[in-house]
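In what follows, a single structure is set out as structure tokens and then discussed.
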Protein chains: 2
Amino acid sequence: MTSTSSHAAIGIGELASRTHCKPETVRYYEKIGLLPAALRNEGNQRRYSEATVQRLMFIRHARDFGFSVEAVRELLDMADHPSQPCDQVDQLARRHLAEVESRLQRLTVLRDELQRTVAQCDGDSVAQCRIIEVLSDHRLCGHDTAHGGAEALR
Amino acid sequence: MTSTSSHAAIGIGELASRTHCKPETVRYYEKIGLLPAALRNEGNQRRYSEATVQRLMFIRHARDFGFSVEAVRELLDMADHPSQPCDQVDQLARRHLAEVESRLQRLTVLRDELQRTVAQCDGDSVAQCRIIEVLSDHRLCGHDTAHGGAEALR
DNA sequence: GCTTGAACCTCTAGTGACTACAGGTATTAG
DNA sequence: CTAATACCTGTAGTCACTAGAGGTTCAAGC
């Protein structure tokens, strides 16, 4: 038998591969307290149970949804108290959704502007390049305020 | 006279306020070589000309368009050689546009999923909370691969 | 000329969420 | 028994700034 037996404790490598992350990330999550300190075998290597696989899948999935690590921490805490009302979960998720929607909007504006600018370049010298021109003079682009730019990408 | 005379050299504070950034950022750009080392007055304080205002506006505008600092470095380099053909500018901009479009797509998928999940929560206890449920089990969400998540937000 | 407060200086460290590496130990297949 | 692989700890690097400490210079008012 190599690995995927279902009752035995597993090592960090298998935990990582089963949750689509890396051993380094697992150790990092332990360090910042998203995962509890792992049990160790005689050789001081971490051994995990199925429960940890589940917890880590929850974490990865929440991160995949774009929740910050701090938000994931709160979500885990809530998930650990199933009898409480879920208003807080709901609020957290709605706030995150609003964030995502706002980013989406800014990114859309950015794309439109970029598309327009790129389309106007006629492939001549830099001196007449529309892209450089627009970057040099904000008045030349579609609207008067900032586009959201770097922030939209975060 | 306080500040905005047009021929005199200006200080870092005015440069910053005229380009919508902070003195710290200006010093940072100088340190990483986006701005040349500034001239100094007798008291060792940086003095800038209009040319620097223009250059910094270009930088901020490009950043606003979501270009990375490294891309901005290349764009500045190209803008400094106006007689060369602008293929490279064009390529850089198109690559960036493609990046933005991909992010946009992933973020849209994410939003849809989040919207659907949040809508299904009926405000009861955590034990029955749809949001927690979906986070606990990937199979419950709309599709089978990752949504792009944290990466979509960068 | 002197004082006061704002603006400036340098240098270091912190952010978020990992990732990568160095230098060593444990496990395991053959 | 050996060699390859997986694991360990601890530190530093990523990106694009931002914040702070601790000190200097400037400009205005008296």
Side-chain angles (χ1 to χ4, degrees), chain A residues 1-3 5 8-35 37-48 56 59-73 96 99 103 148-154, chain B residues 1-3 5 8-35 37-48 56 59-73 96 99 103 148-154:
Chain A
M1 260 169 275
T2 33
S3 55
S5 69
I10 59 173
I12 198 170
E14 195 184 334
L15 173 63
S17 68
R18 281 178 54 189
T19 53
H20 309 110
C21 67
K22 305 182 181 172
E24 287 92 337
T25 310
V26 177
R27 285 190 283 259
Y28 171 70
Y29 285 161
E30 178 181 322
K31 194 166 109 186
I32 65 171
L34 279 196
L35 291 175
L39 297 175
R40 306 295 182 115
N41 69 359
E42 303 121 63
N44 196 34
Q45 300 194 349
R46 292 169 177 84
R47 295 297 132 177
Y48 298 98
L56 186 47
I59 294 170
R60 293 307 289 183
H61 203 188
R63 291 284 304 124
D64 225 32
F65 263 97
F67 288 100
S68 72
V69 163
E70 279 322 296
V72 175
R73 202 188 293 279
H96 180 54
E99 247 306 299
R103 256 193 273 260
E151 258 102 290
L153 308 178
R154 256 187 283 144
Chain B
M1 261 169 277
T2 32
S3 54
S5 67
I10 59 173
I12 197 170
E14 194 183 336
L15 173 64
S17 68
R18 281 177 56 189
T19 52
H20 309 110
C21 67
K22 303 181 184 174
E24 286 92 339
T25 310
V26 176
R27 285 190 282 258
Y28 171 71
Y29 286 161
E30 178 180 322
K31 194 167 109 185
I32 64 171
L34 280 196
L35 291 176
L39 298 174
R40 306 295 182 115
N41 68 0
E42 301 121 64
N44 196 36
Q45 301 194 347
R46 292 169 177 85
R47 295 296 134 179
Y48 297 98
L56 187 46
I59 295 170
R60 295 306 289 182
H61 203 188
R63 291 284 303 125
D64 226 31
F65 262 97
F67 288 101
S68 71
V69 163
E70 279 323 296
V72 175
R73 203 188 293 281
H96 180 54
E99 247 305 299
R103 255 193 274 261
E151 258 102 287
L153 309 179
R154 256 186 285 141

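By convention in this document, chain letters (A, B, ...) are assigned in the order of the sequence lines, proteins followed by strands, and residues within each chain are numbered from 1. Quick note: numbers below take in every heavy atom, side chains included, and nothing from hydrogens, waters or symmetry partners.
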Rounded to whole angstroms, how far apart are [atom1] on [X] and [atom2] on [N]?
{"X": "Tyr28(B)", "N": "dT14(D)", "atom1": "OH", "atom2": "P", "answer": "11 Å"}
{"X": "Glu14(B)", "N": "dA7(C)", "atom1": "CD", "atom2": "P", "answer": "12 Å"}
{"X": "Glu30(A)", "N": "dC8(D)", "atom1": "CD", "atom2": "C1'", "answer": "12 Å"}
{"X": "Leu15(B)", "N": "dC8(C)", "atom1": "CG", "atom2": "P", "answer": "10 Å"}
{"X": "Asn41(A)", "N": "dA6(D)", "atom1": "CG", "atom2": "P", "answer": "16 Å"}
{"X": "Gln45(A)", "N": "dT9(D)", "atom1": "CD", "atom2": "P", "answer": "10 Å"}
{"X": "Glu24(B)", "N": "dT18(D)", "atom1": "CD", "atom2": "P", "answer": "8 Å"}
{"X": "Glu42(B)", "N": "dT24(D)", "atom1": "CD", "atom2": "P", "answer": "18 Å"}

*For Pro23(B) and Ile12(B), work out which heavy atoms get closest and say how close.*
O-CD1, 3.6 Å
*Mind listing the closest non-hydrogen atom pair of Thr19(B) and Arg60(B) along with its distance?*
O-CG, 3.6 Å
*Between Thr25(A) and Arg47(A), who's closer to the 5' end of DNA chain C by nearest nucleotide?*
Thr25(A)
*Taking atom CD1 of Ile32(A) as the centre, does the number of heavy atoms from other residues, nucleotides or ligands within less than 6.0 Å exceed 12?*
yes
With a 4.0 Å cut-off on heavy atoms, is [X] in touch with a base, just the backbone sugar-phosphate, or nothing at all?
{"X": "Arg27(B)", "result": "base"}
{"X": "Arg40(B)", "result": "sugar-phosphate"}
{"X": "Arg60(B)", "result": "sugar-phosphate"}

_Worked check of salt bridge (charged side-chain N to carboxylate O under 4.0 Å, His left out) between Glu70(B) and Arg73(B)_ = CA-CA 5 Å; Glu70(B) 279 323 296; Arg73(B) 203 188 293 281; 3.1 Å; yes
_On DNA chain D, compare the nucleotides closest to Lys22(B) and Arg46(A); which residue's is nearer the 5' end?_
Arg46(A)
*Taking only the side-chain heavy atoms of Arg63(B) (C-beta and beyond), determine which of dC18(C), dA16(D), dC8(C) contains the nearest atom.*
dA16(D)
*Can you tell me if the side-chain N/O atoms of Tyr29(B) get under 4.0 Å from OP1 or OP2 in dC17(D)?*
yes
*When you check the phosphate oxygens OP1 and OP2 of dT9(D), does a side-chain N or O of Lys31(A) lie under 4.0 Å from one of them?*
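So the side chain of Lys31(A) is outside the cut-off, no N or O lying under 4.0 Å from OP1 or OP2 of dT9(D).
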*Between atom CG of Leu35(A) and atom OH of Tyr48(A), what is the distance when rounded to the nearest 0.5 Å?*
6.5 Å
